[in-house]
Structure formats: structure tokens, C-alpha cells
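Here the structure comes first, spelled out in C-alpha cells, and everything after it is commentary.
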Amino acid sequence: MRQDGYAQDLGRSRAGLQGQRLLHHRLRQGRQGPAEERTREVRCRQVRRRAEVRPVRQGRRLRQGRCRARAQIRIQAWQAPLREGRSRVSEALRAELARVASRFGADGLEFVLERPRDAGHGDLATNLAMVLARRERANPRKTAQRVLDELNLSPALVARTEIAGPGFINFWLAQDQLAAVHRAILEQGARYGRSTAGAGLKVNVEFVSANPTGPLHVGHGRGAALGDAIAALLEWTGHAVTREFYINDAGVQIDRLAESLWARVRELAGQPASIPEGGYHGQYLRENARELLDREGPAFANLPETEGIQRARGAALELQRQEQDRDLAEFGVRFDVMSSEQAIYDSGRVARALELLRARNLTFEAEGALWLRSTEFGDDKDRVLRKSDGSFTYLVPDIAYHIDKHDRGFDRVIDVWGADHHGYIPRMRAVLAALGYPPEFFDVALVQLVKVVRGGEEVKMSKRSGEFVTLRDLYEEVGVDAARYFFLMRKGATPLDFDVDLAKRQTDENPVFYVQMAHARLSGIFRTAERVPQDVAGPLDLADLPAPEDVELLKKLATFPEIVDKAARDREPHRITVFLHELATVVHGWYHHTRAVGAPEGAATEHARLLLARAARIVLANALTLLGLSAPDRM
RNA sequence: GCGCCCGUAGCUCAGCUGGAUAGAGCAACAGCCUUCUAAGCUGUGGGUCGGUGGUUCGAAUCCACCCGGGCGCACCA
């Protein structure tokens with residue numbers, strides 16, 4: 001039930017949602033009837049969140065000193081394999097700068113070598129001289145000159161250098177480097193942007209994990225798009241990824257589901273029935289009831305209650321699972337493994353997990369309950385495992401599940417959870433630490449709420465579920481590509497406004513359209529030229545690309561692998577959508593200002609621009625494909 | 001009370017391990033179609049980066065405190 005907070009919990013748990021009051025108000029008003037019965041469920045979906053959430057967000061700055069040490073260790077653990085993935089040019093330059101630093105008696109000095117925001121500051125820039133000057137209390141610009149004098153760079157690598165501003169050293173790369181990038185793009189094709197940085201690390205990405213108690217809603221959709229994209233990013237960076245869905249098919253919510261379906265069956269058969277307290281009121285259960293009666297015959301409604309509910313349970317689970325699977329498949333998300341909570345109980349893993357904790361002396365009995373000593377491992381209070389009524393808290397099967405993932409040989413486990421579950425993280429982390437798993441084993445990516453906006457108005461009711469906008473409603477209306485793109489446009493941890501009108505618009509105001517259009521236009525060039533992109537081959541001579549837009553485009557293409565690495569490291573797919581939009585802007589500008597087919601500069605330029613268009617088309621397609629989006633040839 | 005999240009242009013948001021005049025889209029305004037999709041391009045206006053201190057050669061970014069908004073402090077999943 002990783003995500004259910006989204007739907008049921010709107011009125012309470014959302015952190016950091018400005019301007020949400022209206023939404024809460026509407027939702028409450030809108031489902032006044034059902035909401036009454038749902039009160040209990042709402043209450044029981046609340047999550048505690050006292051504890052630290054920081055360490056989850058590795059890629060972000062850490063404001064609290066106390067979390068810092070721990071988080072940084074983890075950042076390093078994650079980044080380490082990625083270092084090799086950086087471009088050869090910047091690595092060579094970095095190495096040379098490090099050599100100079102050590103000649104100046106500053107071995108291992110930390111400095112920055114990065115791509116400056118402003119193209120006027122070169123292709124790469126370093127603050128090395130400024131850092132050195134600080135140690136020596138020297139003038140940074142003079143130090144920069146000394147660094148330059150000492151620097152031994154091949155002209156094949158760097159064409160020009162300058163000292164700028166307070167002491168930056170800027171580098172312009174040799175054109176050979178750009179030609180090499182172009183060659184790499186054509187050679188690697190659909191693989192351009194991939195790296196082996198992950199070194200085959202086995203990663204399990206668990207996402208969506210919705211309760212099988214109703215249709216997937218937009219919040220699940222965002223989780224699906226995000227989890228799938230994170231998984232793809234990890235694949236692109238050389239990790240062995242498993243996409244997994246955890247079915248919460250045990251527990252009281254399934255009992256309520258079964259009772260609710262049974263009530264609908266009786267109702268359809270004209271018998272007295274009512275949805276139990278905490279039950280499910282959605283229209284979909286009426287449809288399920290109809291299906292069940294059609295399948296089993298009218299006598300089904302006359303079964304004794306116990307048996308009826310028992311059989312309704314199986315049917316409800318099956319039908320809800322089918323519907324969720326269908327929606328996910330249509331949304332373009334596939335899972336390698338479906339795990340069932342019930343199966344974890346049935347296989348004895350829950351009992352074994354409990355034994356394991358007990359054997360390690362991590363539990364104690366008090367007040368008729370069994371407790372976990374989670375405070376000894378960073379949680380802020382001890383947690384109940386077995387309630388005094390003898391039943392288990394949710395923590396227990398979840399612990400068993402994570403042990404299971406560990407036992408299946410995963411090096412890393414990433415759970416994509418609704419942000420309302422963030423209070424649960426320290427608990428799980430504490431348990432896994434207690435079991436001796438390395439801290440980097442477990443991580444969580446949080447997904448914030450989605451607010452659907454139409455005509456400037458908030459969310460509306462779904463006609464079919466009687467609840468929220470379902471994922472299906474959404475992608476049927478705006479299309480899968482637009483839905484996925486919009487879900488991925490923002491950082492997962494940021495609340496998202498989904499503007500349905502904008503997503504449907506077939507103009508450049510719509511970012512999905514704008515990006516896909518860039519790809520279609522590039523394809524159009526080849527149609528006009530009556531050439532197949534794959535047949536436009538040969539080395540690229542930079543001298544045949546006279547326009548500044550040509551070079552700008554090529555440089556943009558060159559940044560893609562680095563963007564992928566960073567997006568994977570920080571698990572932030574939105575960086576790919578940001579990149580896509582930037583690249584599309586450059587492509588459109590290039591398309592408008594230069595001419596490929598029948599280039600006025602001559603045949604050599606036409607050929608060079610076709611080569612460039614082919615490369616740009618590859619990169620656009622790769623970035624789109626990575627996010628699960630199509631790259632249309634015409635629109 | 002304790003804790004967590006958030007506060008960047010009118011709106012929605014980027015801003016990567018602190019860097020060189022703070023960016024994009026939308027909205028507003030002004031232009032550009034005998035030429036590969038005008039489903040596009042170009043330009044203009046618009047910001048005390050919530051506030052105050054601190055660290056630093058340098059802070060939207062790190063630290064402290066404060067203000068404002070949201071949320072949580074269960075034997076519920």
C-alpha cells in the first residue's frame with residue numbers, strides 16, 4: 001500500500017503543499033457519501049513521520065548537520081562506480097589538473113571542473129587556481145597563470161584557454177573532440193548515452209505497489225512513470241535492474257474489499273445488503289459484482305455469508321489485479337516480478353523474519369505486545385511487531401519482504417513510495433541496519449501528490465470509480481506520452497500540477513509536443529532529401545558546419561551521457577525531460593536558421609548537416625525512449 | 001511542545017559536489033511564412049532568490065535564528 005496515501009489521505013498527510021486547501025475541500029465535499037465510510041480507512045492509512053527523511057534524498061543538499069555525515073558516505077558509495085563513466089576529455093583534463101595541483105604541493109586538492117553555464121566561458125572551466133590561491137594566500141589570477149604555464153595539454157584536446165573573472169581557467173575543446181563525439185553517436189546509435197558505470201550491480205526497483213482494492217489513480221501513475229524511468233536510468237548506466245510490484249493482498253483492507261463486493265452482489269440480486277464500515281463504495285465493485293454473478297449464476301448471491309465473502313475475496317482480488325495490470329500495460333509499464341504479501345505469509349517468511357529478529361535479540365515483550373528495539377538503530381522509538389491481540393503490524397511482512405529481496409541477491413533496493421510514507425523510512429532503515437545490511441542497500445524515492453487541473457479548476461470526480469481521476473481516465477484523455485512526460489517533468493519530491501488542457505494541446509505550448517516535433521522535423525529532413533538516415537555516413541568535417549547553430553547543436557548532443565549519469569545517480573528523471581526540452585529548443589533553432597537539404601553553403605555542408613541531423617535524431621530518440629516515450633517521425 | 005517538508009518572475013517550475021550579468025515554459029507585448037512541418041523562430045518587459053545574521057575570494061545553494069504555508073507525533077496499512 002505504498003501509494004494509497006495519495007488517494008485516501010489527501011486531507012491529512014501531505015507535506016509542503018502550498019495551495020492545497022482548496023483541493024482538500026473539494027475532495028471532501030465531492031465524496032461526502034463515501035468519505036463517511038472511508039473515515040476509518042483514512043485514519044488507518046496515516047503514516048508517522050517523526051523521523052529523518054533526509055538521507056533518502058542523496059542528490060540533494062543536506063541542511064541538517066546531523067544527517068550529513070551519514071548521507072555523504074552513502075553518496076560516495078553510490079557515486080563511486082560512476083566516476084569511470086565520465087567523458088574521456090574531462091577525465092584527461094582533470095587528471096592533468098590534479099597533476100599540476102600536486103606539483104604545487106597540493107596533492108589530492110579538491111577542485112571543480114565543469115561545463116560553465118555561459119557558453120562564453122568555454123567548454124569546461126575550473127576553479128583550481130582559486131582554490132590553490134586560497135591555500136597560498138596568493139592572487140588567484142596570478143596563480144591561474146602559473147597553473148597554465150605548468151599545464152601540459154595536447155592541442156588535439158584543448159584548442160584555447162583563458163583566465164577569467166576572479167581566477168577561473170576556461171578551456172575550449174579542440175574541434176577534433178566534437179568530431180569524435182559525433183562519430184561516437186553514429187557508432188553507438190541507440191546505445192549512445194549508456195554507460196557501464198553501474199558495473200552490473202543488481203538493483204531492485206519496487207514501485208506502484210498499489211492495494212488491489214480499486215483502480216489505479218493519477219498518483220499511482222506518477223509513481224509508475226517515475227519508477228519505470230528510474231529503473232531505465234539505472235539500466236542505462238549499467239545496472240542489472242529488476243522492476244517489482246508488491247501486492248498488498250493481505251490484511252484488513254482486503255477483508256473490507258471482499259465484504260464490499262459481497263454486498264454489491266447481494267444488492268444486485270435484490271437482497272438486503274450494505275457496504276461495511278471502512279468498505280469500498282466505488283462504482284467498479286458494482287461492475288465486478290455483475291461480472292461475478294454472470295460467471296457464477298444467480299444462485300451465487302444465496303450462498304451463506306461466510307462462503308460468499310470468501311469467494312468474493314478471491315474474485316475481487318483477481319478482477320482488481322487484472323484491471324491494474326491492464327492499465328499499467330497500456331501505460332507502457334511492465335514488471336519483472338509481482339510479489340504478494342499473502343505469499344510472504346504463506347511461505348513462512350513472516351514467521352522466519354520474526355525468528356531472525358528474536359534470535360538477534362532485537363525484540364522484547366512488553367504490555368502484551370512484541371516490540372522491536374529499533375531505537376538502537378536510529379529510529380526514534382521502539383516499534384510494535386505483534387499487537388496484543390496477536391496480529392502483526394504491517395512492519396512485519398514488510399521486513400520479511402525486504403529480507404526476501406536481500407536474499408534474492410540484490411545489492412540495492414529502491415522503493416518508490418508516496419511521500420506520505422516518509423515517516424516509515426527510518427523504521428525500515430533501522431531494521432535493515434540491525435540485520436547487518438549495508439546502509440546503501442536500501443533507499444527510497446518519494447513521490448509527491450498529483451493535482452489534476454482542468455480549465456483552471458482542480459480535480460474532478462471520476463465517473464467510473466466514484467473516486468479520484470483514475471490513471472486510465474487520464475491517459476485515455478491526454479495520451480500515454482503526454483501523461484508520462486508530465487509526470488516526469490518535475491522532481492518526484494515536488495507536488496505536481498497536471499494541466500490536462502495543456503497536455504492535450506497540439507502546439508508548442510505543450511512541452512511533449514514541442515519535443516516530439518523536433519524529432520519529427522529531423523525525420524522530415526530525410527524525407528525531403530529522400531535519404532534513409534542510416535545511409536548518411538562518413539566522417540564529419542567541422543569545417544563544413546559554418547553556422548554557430550551547427551556547433552551549438554553538436555555540443556548539446558555531447559552532454560547527453562553526462563546528463564544520464566547524473567540523473568541516474570540522483571534518481572531524478574526530470575533532468576532528462578529538462579534536457580529534452582533544451583535539446584528540442586536547440587534543434588528548432590538550428591532547423592529554422594540553417595538549411596540542410598540544398599544548403600546554400602554547398603554540397604559539403606548539406607552532407608555535414610545531414611550527418612548532424614542524423615546524430616541529433618538519435619539523441620532525441622534515445623532520451624525519449626529512455627523515458628518510455630515515442631519518437632514519432634511525423635506529426 | 002517536538003519533528004518533517006516547502007518558500008526563486010504574474011502563474012508553474014529548473015538551477016547539478018557554493019562560482020563569473022539568477023534560467024525555462026506559460027501569460028503580456030512587438031516582429032518573422034515564394035525555402036527541409038509557422039505544430040516553428042526572433043526580440044522586449046518582468047525577480048531585494050521569504051527575512052536577518054554567519055562562513056567564504058565568492059551564497060539561491062552551506063550554517064544559525066526568525067517569519068510564512070503545509071503536515072506529522074499509534075499496538076493502522
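Letters go in sequence order (proteins before strands), and every chain restarts at 1. The figures here come from the full heavy-atom set of this structure, side chains too, leaving out hydrogens, waters and symmetry mates.
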Query raised in the report: Which of the following nucleotides, A77(B), U42(B), A39(B), is nearest to the side chain of F513(A)?
Result: A39(B)
Query raised in the report: Of all the nucleotides listed (A39(B), U42(B), A77(B)), which has the minimum atom distance to the side chain of E341(A)?
Result: A77(B)
Report task. Check every strand shown and say whether T594(A) touches a base, only sugar-phosphate, or nothing at a heavy-atom separation below 4.0 Å. Result -> base
Report task. Pick base, sugar-phosphate or nothing for R634(A), based on heavy-atom distances below 4.0 Å to the nucleic acid. Result -> base
Requested in this report: Remember a base hit wins even if backbone is also touched, and classify Y591(A) as base, sugar-phosphate or nothing at under 4.0 Å, heavy atoms.
Outcome: base
Query raised in the report: Checking R94(A) against F111(A): charged group under 6.0 Å from the ring centre and within 45 degrees of the axis?
Result: yes
Report task. Looking only at side-chain atoms of H592(A), point me to the closest of A14(B), C41(B), U37(B). Result -> C41(B)
Query - Value rounded to 0.5 Å, distance of OG1 in T594(A) from CZ in R609(A) - result: 4.0 Å
**Report entry** Whole-Å distance separating the NZ atom of K566(A) from the P atom of G15(B)
**Finding:** 12 Å
Report summary line: Per nearest nucleotide of RNA chain B, the residue lying toward the 5' end, S391(A) or E110(A), is E110(A)
Query raised in the report: Parallel, tilted or perpendicular: which describes the rings of W417(A) and H402(A), with under 30° parallel and over 60° perpendicular?
Result: perpendicular
Query raised in the report: With respect to the side chain of H581(A), which nucleotide from C75(B), C36(B), G25(B) is positioned closest?
Result: G25(B)
Report task. Looking at every strand, decide which applies to G524(A) at a 4.0 Å heavy-atom threshold: base, sugar-phosphate, or nothing. Result -> sugar-phosphate
Requested in this report: Would you kindly check whether a donor in the side chain of N170(A) faces an acceptor in the base of A20(B), or vice versa, at under 3.5 angstrom?
Outcome: yes
**Report entry** Between C67(B) and G53(B) - C1' atom distance, rounded Å
**Finding:** 15 Å
Query raised in the report: Taking atom C1' in both U52(B) and G46(B), what distance in whole Å separates the two?
Result: 27 Å
Requested in this report: Return the nearest nucleotide to the side chain of R575(A); candidates are C75(B), C16(B), A39(B).
Outcome: C16(B)
Query raised in the report: Do H121(A) and F168(A) make the cut of ring centroids closer than 6.0 angstrom?
Result: no
Query raised in the report: If you look at every strand shown and take non-hydrogen atoms under 4.0 Å, does A125(A) touch a base, only sugar-phosphate, or nothing?
Result: base
Requested in this report: For N127(A) and U17(B), give me the distance from atom CG to atom C1', rounded to whole Å.
Outcome: 11 Å
Report task. Would you kindly give the CH2-to-C1' distance between W590(A) and C36(B), to the nearest whole Å? Result -> 9 Å
**Report entry** Residue whose closest nucleotide on RNA chain B lies nearer the 5' end, P166(A) versus E367(A)
**Finding:** P166(A)
Query raised in the report: Between S209(A) (side chain) and Y246(A) (backbone), is there a donor-acceptor pair under 3.5 Å?
Result: yes
Query raised in the report: Is a donor-acceptor pair below 3.5 Å formed from side chain T393(A) to base C75(B), judging by atom type as modelled?
Result: no
**Report entry** In C33(B), glycosidic geometry as syn within 90° of 0 or anti otherwise
**Finding:** syn
Query raised in the report: Can you tell which of U37(B), A14(B), A20(B) lies closest to the side chain of K491(A)?
Result: A14(B)
